[in-house]
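Single-structure report; data block below.
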Amino acid sequence: MISGSWFERQKNIIDYSLQSLLRRRSKNILILIIFIVLVFAVSSILFITGSLTQEMMITSNDLPDITVQRILGGRQVNVLSSYLPEIEKIPGVEAVETRVWGYFYLASLQANFTIYGMDLNLLEEGEYRKIVNWKNVPDPAENQILSSRPDFRMIIGQGVFELLKDIQMEKAFLFYQPTWQKPIPFDIIGTFKTETELQSNDMMILQTEGARRVLELPPDEFSDLVVHVPNPEEIENIALKIHRYFPELRTITRAQIQNTYATVFNWKSAFVLSSLLVAIFAFLILIWDKASGLSPEEKREIGILKAIGWDTDVVLSVKFWEGLILSGISSLAGILLAYAYIYWLRAPGLREIFIGWSTIYPSFKLMPDVDPKFLLLIITISVVPYLAVTVFPAWKAAITDPDAIMRNI
Amino acid sequence: MSNLIVETINVTKTYNLGKPNEVTAVKDASLQINAGSLVVLKGPSGSGKTTLLSLIGCQTKPTRGEVIILGKKVSKLPEKFMNLHKRNHIGFIFQHFQLIAGMSVLDNIVLPLIPEGISPKERSKRADQLLEQFDLAHRRQFKVSHLSGGEQQRVAIARALINNAGILLADEPSAHLDSRLTSDFLDHVKQLKRSGHTILITSHDPIIYQHPAVDQVFEIKDGQMIS
């Protein structure tokens, strides 16, 4: 008999494997669905964790080198301006900035906004200009009242804008506390673009003087200080020095914040994965049961193939390809579905677990960040065990004497 | 010059060797078959016919003794070479036909060619000749489970012949056929004998072993050759 090429032989084996999968359609579709769900669940968690950690790492590069807070009686209190010149004197410190920030709870919407005070004119310059959608900019010629109140302007995050729109305050907002004699009106002159939403979604950036009024901050006091250190190698040292000179001051470095983000996301990822563990385990048992137990029909088929002259390695090749095709398609589909779910649909249901803490959930678009290590991990924990559970029982059946087929197995 | 094509020398096959359920199915069986002959191995149920046919058909290895096919001691060959020898020279028709139920007639017939790396076109060409020869062309794409017993047997014969094997072994071919279909089967066997095939059939059916085309009858009882 004339034998064909090795390539033709492999092609025949793959064709046969595909046919074989289609012949046992119902069993294989069930395995396919379970497999896709499993890979989808694990991939989704890994994708969102990776993407958020990456996103936080990138954006946190803009965080201050050192943030200085004052602690009194175990709680954070305002920092006095007298600390500024003392910290500026420490060698290695380039500059010390003051910050004004706090929270404003709007009971009618049950929403907590983050208020930050800064010189809004800075946002009109350079790179910052690009992150704001400017609107309602008061024209001094047309509106004397607004132009006469430059301290009462603000830029808000997209989430705040959506909420204020519901109460018809998207152009101007009235801050009010029951202890105040009258509300303080602020003009909204812009909203932050969606790229910055992870940080800006619940934010109200107010002109510093206006922010002081809303936060009821005395003139010589600040929420905290920010220290700029040009040499990254010195940051930890300078933070230690500040704390040593002023034990009542707490220092937080950028690296500490980044570690906290990473820990939080990894912890949440582990928590969600643990919650899914029971389901994953149940699915695995089901797959094992479905894939590893050869049916009498499958055993008979292997017997027939052996009896008509197929070698054991050819039978195993068929089973290998069957397993690879099924698990490969499932893994690919699960990964692609997870990708679409996380990056296109923005992970509904899962995002709240990972990023939400208040009533305003950031609706920013997650930036795709697929680590090849994740893909390798997913394939390793899905395709490889599946191949093992399909090929091993087939091998056991294939090494049986084909003589058994003569006795009508 | 010897015309010998199949020979067994003192072949013994013991199953479950050394276990409490050990059983010797064939004991010291020797036979010789000439090329181009039609030979029947007869004997009652459980006499060891199928086991001896399995040994000759390279389906299992003897516990003792030698099986020689076309001058090659196949019982001593490693599995891979024994399979190669089987694929190249032996066609097998199983008692229960052993077709794969979910597959078409065509796909069942070409099964032995798949590991050979023969292209689908060539496989189809070879199968079409056999489908014509065994009057199965109209059933080409039918699932074998939808065929009658006689048709299934013809598919099994076609599959046994697809690799152009010179030796054809048939295990109890009339076991599931009525007398008309048995007669049809014998017509096919006669044709194959005329075309030069060597055929060995196991049977306890007189319609087969008393057929005038049969050249030689061996008898086996309790695992031992008695004639």
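Throughout, a chain's letter reflects where its sequence line sits, starting with A, and its residues are numbered from 1. Since the model is a prediction, treat every value here as computed from it, not as a measurement.
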### Message
Between B:Phe94 and A:Ile304, is there a side-chain heavy-atom distance shorter than 4.5 Å?
### Response
no
### Query
Is a donor on one side and an acceptor on the other found under 3.5 Å between the side chain of A:Trp6 and the backbone of B:Gly117?
no
### Query
Any side-chain heavy atom of A:Arg9 sitting closer than 4.5 Å to one from B:Ile118?
no
### Task
With a 4.5 angstrom heavy-atom cut-off, could you sort out which part of A:Leu305 is near chain B: side chain, backbone, both or neither?
side chain
### Query
Quick one: what part of A:Gln19 sits under 4.5 Å from any heavy atom of chain B, side chain, backbone, both or neither?
side chain
### Query
Using non-hydrogen atoms only, which part of A:Ser20 is less than 4.5 Å away from chain B: side chain, backbone, both, or neither?
neither
#### Entry: Any A:Ile13 side-chain heavy atom under 4.5 Å of B:Pro115 side chain
no
Please table the atom pairs, donor to acceptor, closer than 3.5 Å between any side-chain atom in residues 65-75 of chain B and protein atoms at least two apart or in another chain.
{"unit_1": "B:Ser75", "atom_1": "OG", "unit_2": "B:Val67", "atom_2": "N", "d": "3.0"}

### Message
I'd like to know whether NZ of B:Lys221 has more than 12 heavy-atom contacts from other residues, nucleotides or ligands below 6.0 angstrom.
### Response
no
### Message
Quick one: does any side-chain atom of B:Arg87 pair with a main-chain N or O of A:Gly309 as donor and acceptor, under 3.5 Å?
### Response
yes
### Message
Between A:Asp311 and B:Lys86, does any NZ, NE, NH1 or NH2 come within less than 4.0 Å of an OD or OE carboxylate oxygen?
### Response
no
### Query
Do other residues, nucleotides or ligands put more than 12 heavy atoms under 6.0 Å from B:Lys125 NZ?
no
### Task
Go through the steps for A:Arg300 and B:Gln98 under the test side-chain contact (heavy atoms from CB on, under 4.5 Å), then give the verdict.
CA-CA 8 Å; A:Arg300 184 173 165 271; B:Gln98 304 297 9; 3.2 Å; yes
### Query
Just wondering, more than 12 heavy atoms not from B:Lys61 lying within 6.0 Å of its NZ?
yes
### Option that, when pairs with chain A are counted at under 4.5 Å, heavy atom only, ranks first among B:Met103, B:Arg159, B:Glu172
B:Met103
### Message
Quick check: closest heavy atoms across B:Pro120 and A:Glu8, and the distance to 0.1 Å?
### Response
CD-OE2, 3.8 Å
### Task
Answer whether the closest heavy-atom distance between the side chains of A:Asp313 and B:Lys80 falls below 4.5 Å.
yes
### Note, A:Lys306 side chain near B:Glu79 side chain (heavy atom, < 4.5 Å)
yes
#### Entry: Close side-chain approach of B:Ile100 to A:Arg23, heavy-atom, < 4.5 Å
yes
### Query
Between atom CD1 of A:Ile308 and atom CD1 of B:Ile114, what is the distance when rounded to the nearest 0.5 Å?
8.0 Å
#### Entry: Under 4.5 Å from a heavy atom of chain A, the part of B:Leu99 involved
backbone
### Message
Can you confirm whether more than 12 heavy atoms, excluding those of B:Asn10, are under 6.0 Å from its CG atom?
### Response
yes
## Note on the structure
Distance col, row A:Asp15:CG vs B:Asp107:CG, nearest 0.5 angstrom, shows 10.0 Å
### Message
Heavy-atom cut-off 4.5 Å, strictly under: side chain, backbone, both or neither for B:Lys13 against chain A?
### Response
side chain
